[in-house]
Amino acid sequence: MAKEVKIEAAERGHALAAIRNIGVVAHIDAGKTTTTERMLYYTGRVHKMGEVHDGNTVMDWMPQEQERGITITSAATTCFWRDRQINIIDTPGHVDFTAEVERSLRVLDGAVGVFCAVGGVQPQSETVWRQANKYGVPRIAFINKMDRTGASFERVVGEMREKLRAPAVPVQIPWGREEQFRGVVDLVRMRALTFDEEALGSKVLAQDIPAELAGAAQQAREVLLEAVAEADEALLNAYLDEGDLSEDALREGIRKAAIANRLVPVLCGTSLRNKGIQPLLDAVVDFLPSPVDVPPVKGRHPKTDEELARTTGDFEPLCSLAFKVATDPFVGKLIFMRVYSGELRKGANVYNPRTQKRDRVMRLIRLHANQREEVEALFSGEIGAIAGIKGVGTGDTLCAEQKPIVLERIVFPEPVVSMAIEPKTQADKEKMQAALQDLADEDPTFRVGQNLETGQTIIQGMGELHLEILKDRMLREYKVQANAGRPMVAYRETITQAGQAEFTFDRELGGHRHFAMVGVALEKNERGGGNLVDFRLSSDLMPHDFRSVVEEGIHDGLSTGVLGNFPLVDIRVTVVNGQWHPVDSTEVAFRSAASMSLREAVRSSRPALLEPIMALEIVAPEEHLGDVLGDLSMRRGQVKDVAQRDGTRVIEASVPLAELFGYATTLRSLTRGRAGYAMEPARFEVVPENLSQELMNR
């Protein structure tokens, strides 16, 4: 029996080494979905190529995606190439849906960064690269659209090194450019590759490197050899001795350096014209890690807070992370899972340390975009979904109850745009609340609240498009008719100096006295640092039993500020004093005293309004530069850089979101429709005094 288990473990170990969990990430319109579609076609997963402009791609399956030609939700699928299982997540490129990228990168082992050969490194390219850096995800880069006018492979590689600080090293160079783009030169094999256009690129033809490219190819290979040798001492010695490396040694050296994030292999092609995809699939297999190549996942014990690690393997204790929640019309709630260790098996129990509840797994699903395939088990290293399980949210850990572990939760950006929404009829009222709750469960950057003064329901999201899509989904999926107000900026409040206050709650409620006193001290936290709550007082002033409700009361107070009822952020709260009575002190009293003392302390700490500032990149013709810069100045914009790119000007600026509603129309008018822009949330900053007064008086 032991021998059989060892053989099975060895087989699974071999199978694990054949898995690649990758994401395709990029700026909007760089060609992520088209690239993914080609990958599925050449691996045989689909038998007909879909096109984004025709609205018939496999990965963009939502009606809203097909109508707008953009990716809104990350879609997962599985394909096979060279006997390797590749699990792919195609992620959105639009800034409003950046949470989809965040949670996907959290569970992936590798990523393909797609860059436009004309646009280069764009704002959202920088965002997704930073997200990948945060999780230490190894990457390869694919420079797409090499057939477009203005395409420049060298410029994009240079921008990757300069803007992203990425160790980008080409493993290919292009053969031709713009309309003359024919194929690529593989620097590992030192062969030129072309793609049979009559066979839709499915036949890859290898040949000798053309004479006009021989010098450039040799020079690029020398750069690659040096980069690989620098990352590995054994290879460095071999390179110094021989002056070259064998094909296998070079490929293995690139793989090791890429997995260690010391090198980003760069490839190129044109997905729309079916050129360069098979070498990209080869690079995924050759250079990106399998689950056994990445370090053990780390977490903490839910009770002792001891640091724990789980090694990939089916015979380890179960450890899996819920990274996405979706509502399916046929199976109900779907919980997308990454299994790090052990196995998720149908009929087995799993434990959720956050809720401290045990649940039975009734249905397990392997995903292919919006198609579902039921399976008996998901093994370590795999990505799939659980259907019909309740109470599980994004970021929850599901593990073995006897060996509990809590993985680090996913941190999402704060919403920056809000909108009032109300049902059209009384019949829609209950349906709307249920729909909003479902959508909030799915999307951690979507918040639902109430304006206490007007009683209106307020929804908050990452941008106008984000809220528009959610409103559209309410109508189509939930059949809810609703009226929506104008999008508004989601302001925040903070403090500008230290302060403190005490509040005593002493009242008769329901025939019983409720008594508590809480004193808090406030300090500024760094911008974007969030709120922190700490206790610095002895247990004789406040028993430990009441500390959790005091913390809840503080969070109650932080949820609505004192200037305009906006949430308070970036504050360090320290509970420094307290009073209690052995008979009359209650949880209600402590919670109320904590909330009121916090609000009093905020008033004494010079509260200020914060507004979201957007990072804006505008590409405009030279002759319209003055008009665009003048308009930015009127919008309180700060220009950081004006660069030249192929006869156009690229303007990088920081502009308050409040000044950017309707900006697309203005920019088109100023430049006769010849300019384009992209923006993303950068930070929150204090609103100028005069504007703050104006906002408070509205």
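Positions are given from 1 along the sequence. Heavy atoms only: backbone and side chains are in, while hydrogens, waters and symmetry mates are out.
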Exercise. Between Glu414 and Arg447, is a salt bridge (charged side-chain N to carboxylate O under 4.0 Å, His left out) present by the stated rule, with each step listed?
Worked result: CA-CA 9 Å; Glu414 287 290 313; Arg447 310 274 172 83; 3.6 Å; yes
Locate the shortest heavy-atom distance separating [X] from [Y]; write the atom from each residue and the value.
X	Y	answer
Ala435	Tyr478	CB-CG, 3.6 Å
Met462	Pro681	CE-CG, 4.0 Å
Arg45	Cys79	CB-CB, 4.0 Å
Thr397	Pro353	O-CD, 3.1 Å
Arg20	Leu288	NE-O, 3.1 Å
Val128	Leu105	O-CD1, 3.8 Å

To the closest 0.5 Å, what do you measure between [atom1] ([X]) and [atom2] ([Y])?
X	Y	atom1	atom2	value
Arg360	Asn349	CZ	CG	4.5 Å
Ile335	Ser320	CD1	OG	11.0 Å
Glu442	Leu334	CD	CG	9.5 Å
Tyr677	Met614	OH	CE	9.0 Å
His466	Asp443	NE2	CG	3.5 Å
Arg106	Arg409	CZ	CZ	10.5 Å

For this session: Let me see the working for Ile383 and Phe323 under side-chain contact (heavy atoms from CB on, under 4.5 Å), right down to the final yes or no.
Result: CA-CA 10 Å; Ile383 291 173; Phe323 66 95; 4.0 Å; yes
Non-hydrogen side-chain atoms of [X] and [Y] separated by less than 4.5 Å:
X	Y	value
Val325	Val392	no
Ile410	Pro444	no
Gln356	Tyr351	yes
Leu364	Met337	no
Phe115	Leu164	yes
Asn133	Arg139	yes
Val602	Leu558	no
Phe684	Asp570	no

If you count every heavy atom of other residues, nucleotides or ligands that lies below 6.0 Å from [X] atom [atom1], does the total exceed 12?
X	atom1	result
Glu408	CD	no
Glu587	CD	no
Gln433	CD	yes

Exercise. Stepwise, does the side-chain contact (heavy atoms from CB on, under 4.5 Å) test hold for Ile386 with Asp359?
Worked result: CA-CA 11 Å; Ile386 304 176; Asp359 287 289; over 6 Å; no
Problem set entry | Flag for Thr666-Arg635: side-chain donor and acceptor within less than 3.5 Å |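 Yes, side-chain donor-acceptor contact under 3.5 Å.
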Exercise. So, Ser271 and Thr34: side-chain donor and acceptor under 3.5 Å apart, yes or no?
Worked result: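 Absent: no donor and acceptor within the cut-off.
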For this session: List the steps, then state whether salt bridge (charged side-chain N to carboxylate O under 4.0 Å, His left out) holds for Asp109 with Arg338.
Result: CA-CA 11 Å; Asp109 300 325; Arg338 163 68 194 264; 3.1 Å; yes
Exercise. So which pairs with a foot in residues 554-567 pass salt bridge (Lys or Arg N to Asp or Glu O under 4.0 Å), sequence neighbours left out?
Worked result: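 Sorted result for residues 554-567: Asp556-Arg591.
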Under 3.5 Å donor-acceptor, [X] side chain and [Y] backbone:
X	Y	value
Glu493	Val562	yes
Thr457	Glu422	no
Asn21	Gly381	yes
Arg486	Met419	no
Lys431	Lys479	yes
Asn531	Leu568	yes
Asp428	Val480	no
Asn144	Cys116	no
Arg103	Ala322	no

Problem set entry | Carboxylate-amine/guanidinium proximity below 4.0 Å for Lys134 and Glu102 | yes
For this session: Answer yes or no: is there an ion pair linking Arg527 with Glu685, defined by an N-O contact shorter than 4.0 Å?
Result: no
Exercise. Which of these, Val112, Leu108, Val137, sits in a side chain to side chain contact (heavy atoms under 4.5 Å, CB included) with Ile22?
Worked result: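 Of the listed residues Val112, Leu108, Val137, the side chain to side chain contact (heavy atoms under 4.5 Å, CB included) partner of Ile22 is Val112.
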Problem set entry | Evaluation steps, side-chain contact (heavy atoms from CB on, under 4.5 Å), between Val107 and Tyr340 | CA-CA 9 Å; Val107 298; Tyr340 285 101; 3.8 Å; yes
Problem set entry | Verdict with supporting geometry, Glu611 and Arg636, side-chain contact (heavy atoms from CB on, under 4.5 Å) | CA-CA 12 Å; Glu611 63 178 346; Arg636 296 191 284 135; 2.8 Å; yes
Exercise. Given Asp441 and Lys333, is the salt bridge (charged side-chain N to carboxylate O under 4.0 Å, His left out) satisfied, shown in steps?
Worked result: CA-CA 10 Å; Asp441 288 345; Lys333 279 275 194 319; 3.8 Å; yes
Exercise. Step by step, would you call Arg366 with Glu382 a salt bridge (charged side-chain N to carboxylate O under 4.0 Å, His left out)?
Worked result: CA-CA 9 Å; Arg366 187 170 282 125; Glu382 291 195 315; 3.3 Å; yes
